[in-house]
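These notes are about the structure you will find just below.
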Amino acid sequence: MFNLFLAVFPEIFIINATFILLIHGVVFSTSKKYDYPPLVSNVGWLGLLSVLITLLLLAAGAPLLTIAHLFWNNFFRRDNFTYFCQILLLLSTAGTISMCFDFFEQERFDAFEFIVLILLSTCSMLFMISAYDLIAMYLAIELQSLCFYVIAASKRKSEFSTGAGLKYLILGAFSSGILLFGCSMIYGSTGATHFDQLAKILTGYEITGARSSGIFMGILFIAVGFLFKITAVPFHMWAPDIYEGSPTPVTAFLSIAPKISIFANILRVFIYGSHVATLQQIFFFCSIASMILGALAAMAQTKVKRLLAYSSIGHVGYICIGFSCGTIEGIQSLLIGIFIYALMTIDAFAIVLALRQTRVKYIADLGALAKTNPILAITFSITMFSYAGIPPLAGFCSKFYLFFAALGCGAYFLASVGVVTSVIGCFYYIRLVKRMFFGTPRTWILYEPMDRNKSLLLAMTSSFITLFFLYPSPLFSVTHQMALSLYL
Amino acid sequence: MMLEHILVLSAYLFSIGIYGLITSRNMVRALMCLELILNAVNINFVTFSDFFDSRQLKGNIFSIFVIAIAAAEAAIGSAIVASIYRNRKSTRINQSTLLNK
């Protein structure tokens, strides 16, 4: 009986931590005896600790987790792929939570429920990554999205933030509706919701006569729903507005964690669940469009968060190249791209949060950063160069491997569009660096030094970005194992 | 009672919901269209389950979950609309709400 729950120990722990922290926060922050303390950094540190303990349970309990228990087989499956994806997710969540503490202090943001919702959405993302059934996948996606709708609108007095929350809700609910319609068409045409059964049924799709319009519609709608969620073009409707309007820690969460888990889901559904029925052309088209839009639209931006939003749209386009290939190298390059993208984005948002003291919103505010904070300027330039894909930084390695995989399977057009847009994108990244080092702002802004959490995080991520090229083989072998276990 | 008739009905409701969600000027109407989308998919699930899956009823189970999630989403949507109303004193979606250059 005890064996039943060994597989879900990390999730059980983090759900218990969520509930205990919620009750703790409610009981103590409404108690008159302690004078109604705002418990946000208390709950924040405990939340960070619980994410790290979940990571420990997950990483160290690996031999226990691959028990293919019949009870859990209906809803999720643990293997190498989910193991490493969940480790990446928990590491990025821990990094992003540790960035927020300074923000809570400065903005006088007292709601401890922020951290509780983040923990809840982390748990649902753990389920999302290992989901093996359309029902489980949809439930996990919805739980994660619902938590994020709330925290995107969490600054109640600001029109910006509540507007961004509403846009996120409409966009997310719309995409969930489309995803669900696709699930219903697949269920109706095949009678199965479990990925194992779907994989068996959909292997005969190529035979003419078995090409059912219901399955085609279902796969199309599911693909469109997923592409909405990872904000690929042409489904990126309000993503820049949402990224710009939400509070900055929420933007950091939005651009890292859901992308990791939705990509994991995409890989499960489209590589394992329906390998031959996949509409590869739609991912092909979206990847090209995202790369082009990410490169061109970011040039006209004057606000830092919108620039990061468009650059993340562009990066999603590069990562989708890996998916459009359809080979194991393609999947491996996708996973390498996701890993390096997560680290680069944590780095970029830590810097944006560090510069927040004097409300830097516009790029012009970054002028002469090199004279006031030279080390911060150097870190920011390393991050921007890595996004642009300049060797020998980590971003170059990920883009190189993606284009290599695309060439290896014959998608020459995709690789050439990728290279061209990468070069075009270099322009606005380097313009940012130039403005930092050689520009003069109209009013000189003095930034306070950042707190210890962010400085540790920046040190770790920027040293990873700089030194990755010396020893890339652990990441390569890890992602190779993940890609292989996806096909089994 | 043919299968195609019910599927056409649910597709019709789904498209009305999508059209209304995209083009409505009122935030509350947008939330109602969202509910319409999720309920159209529920009709789909229940129909398929009735016609094809009388042993396991996966569609019915899925639609119960979807009903619960739609309720939660409506609650969150209403809360966000209420906080927008407090800030802005109107629930109108116009060009300045949508485009935020």
Side-chain angles (χ1 to χ4, degrees), chain A residues 133-136 138-139 141-143 145-147 149-150 152-170 172-174 176-194 214 217 221 237-238 240-242 244-245 300-303 306, chain B residues 3 7 10-11 14 17-18 21-22 24 27 30-31 33-49 51-53 55-56 58-59 61-66 68-70 72-77 79-88 91 93 96-101:
Chain A
D133 188 312
L134 288 175
I135 305 181
Y138 174 72
L139 287 178
I141 290 178
E142 278 301 298
L143 180 59
S145 310
L146 288 177
C147 298
Y149 303 152
V150 177
S154 52
K155 264 208 220 164
R156 290 188 304 254
K157 298 270 171 12
S158 132
E159 273 193 26
F160 235 7
S161 169
T162 47
L166 182 74
K167 284 180 193 165
Y168 190 31
L169 179 117
I170 291 186
F174 182 64
S176 290
I178 294 184
L179 186 83
L180 199 58
F181 192 77
C183 290
S184 79
M185 292 313 288
I186 292 227
Y187 166 68
S189 319
T190 58
T193 54
H194 193 68
M217 266 182 70
F221 274 86
M237 275 176 359
W238 287 322
D241 298 335
I242 296 170
E244 184 197 357
Q301 298 307 318
T302 52
K303 299 189 188 172
R306 272 184 99 87
Chain B
L3 176 70
L7 293 184
S10 101
F14 186 73
I18 289 197
L21 186 59
I22 298 180
S24 76
M27 289 177 195
L31 289 179
C33 293
L34 186 59
E35 292 293 306
L36 198 52
I37 290 176
L38 292 171
N39 283 316
V41 181
N42 273 342
I43 295 179
N44 237 352
F45 271 120
V46 169
T47 311
F48 282 132
S49 154
F51 273 89
F52 300 129
D53 201 6
R55 239 179 49 110
Q56 267 190 319
K58 285 194 280 269
I61 295 174
F62 206 161
S63 74
I64 291 181
F65 282 126
V66 173
I69 288 180
E73 209 148 9
I76 290 182
I80 294 183
V81 167
S83 80
I84 289 184
Y85 176 74
R86 250 182 256 134
N87 280 332
R88 227 181 269 176
T91 51
I93 298 184
S96 67
T97 326
L98 290 183
L99 285 180
N100 219 345
K101 272 298 165 194

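Worth knowing before you read on, the calculation uses all heavy atoms, side chains too, and leaves out hydrogens, waters and symmetry mates. The chains referred to below are lettered A, B, ... by the order of the sequence lines, with proteins before strands, and numbering in each begins at 1.
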Where do B:Ala72 and A:Leu146 come nearest, in terms of heavy atoms and distance? CB-CD1, 3.9 Å

Do B:Ile37 and A:Phe181 have side chains that approach each other closer than 4.5 Å (heavy atoms only, starting at C-beta)? no

So, for A:Gly177 and B:Val41, which heavy atoms are closest and what is the spacing to 0.1 Å? O-CG2, 4.1 Å

Are any of the side-chain heavy atoms of A:His194 and B:Lys58 separated by less than 4.5 Å? no

Count the heavy-atom pairs under 4.5 Å between each of B:Leu21, B:Leu38, B:Ile61 and chain A, then report the option with the highest count. B:Leu21

Given that the side chain runs from C-beta out, which part of A:Ser161 has a heavy atom under 4.5 Å from chain B: side chain, backbone, both or neither? neither

With a 4.5 Å heavy-atom cut-off, do B:Val81 and A:Leu166 have their side chains touching? yes

With under 30° as parallel and over 60° as perpendicular, where do the rings of A:Tyr187 and B:Phe45 fit, or are they tilted in between? tilted

Which atom names give the shortest non-hydrogen contact between B:Leu34 and A:Ala173, and what distance separates them? CD1-CB, 3.2 Å

side-chain contact (heavy atoms from CB on, under 4.5 Å) partners of A:Ala153, counting only residues at least two apart: B:Ile80

Rounded to the nearest 0.5 Å, the CZ atom of B:Arg86 sits from the OG1 atom of A:Thr162 at a distance of 10.0 Å

Counting only heavy atoms from other residues, nucleotides and ligands, does the tally under 6.0 Å from CZ of B:Phe52 exceed 12? yes

B:Leu31 side chain near A:Leu169 side chain, heavy-atom distance below 4.5 Å: yes

Side chain from CB out, backbone as N, CA, C, O: work out which of these in B:Ser63 comes under 4.5 Å of a heavy atom of chain A, or both, or neither. neither

For B:Thr47, the side-chain contact (heavy atoms from CB on, under 4.5 Å) test, sequence neighbours excluded, returns B:Leu3, B:Ile6, B:Ile43, B:Phe51

Chain B contact via A:Phe221 - which portion, at a heavy-atom distance below 4.5 Å: side chain

Once rounded to the nearest 0.5 Å, what's the spacing between atom CG of B:Asn44 and atom CG of A:Leu180? 9.0 Å

Do A:Ile186 and B:Phe48 have side chains that approach each other closer than 4.5 Å (heavy atoms only, starting at C-beta)? no

If I compare all heavy atoms of B:Phe62 with all of A:Leu134, which pair ends up nearest, and what's the gap? CZ-O, 3.9 Å

Atom group of A:Ala152 that falls short of 4.5 Å from chain B, counting heavy atoms: neither

What's the separation between atom CG in B:Asn42 and atom OG in A:Ser184, rounded to the nearest 0.5 Å? 9.5 Å

In terms of heavy-atom proximity below 4.5 Å to chain B, should A:Leu143 be classed as side chain, backbone, both, or neither? neither

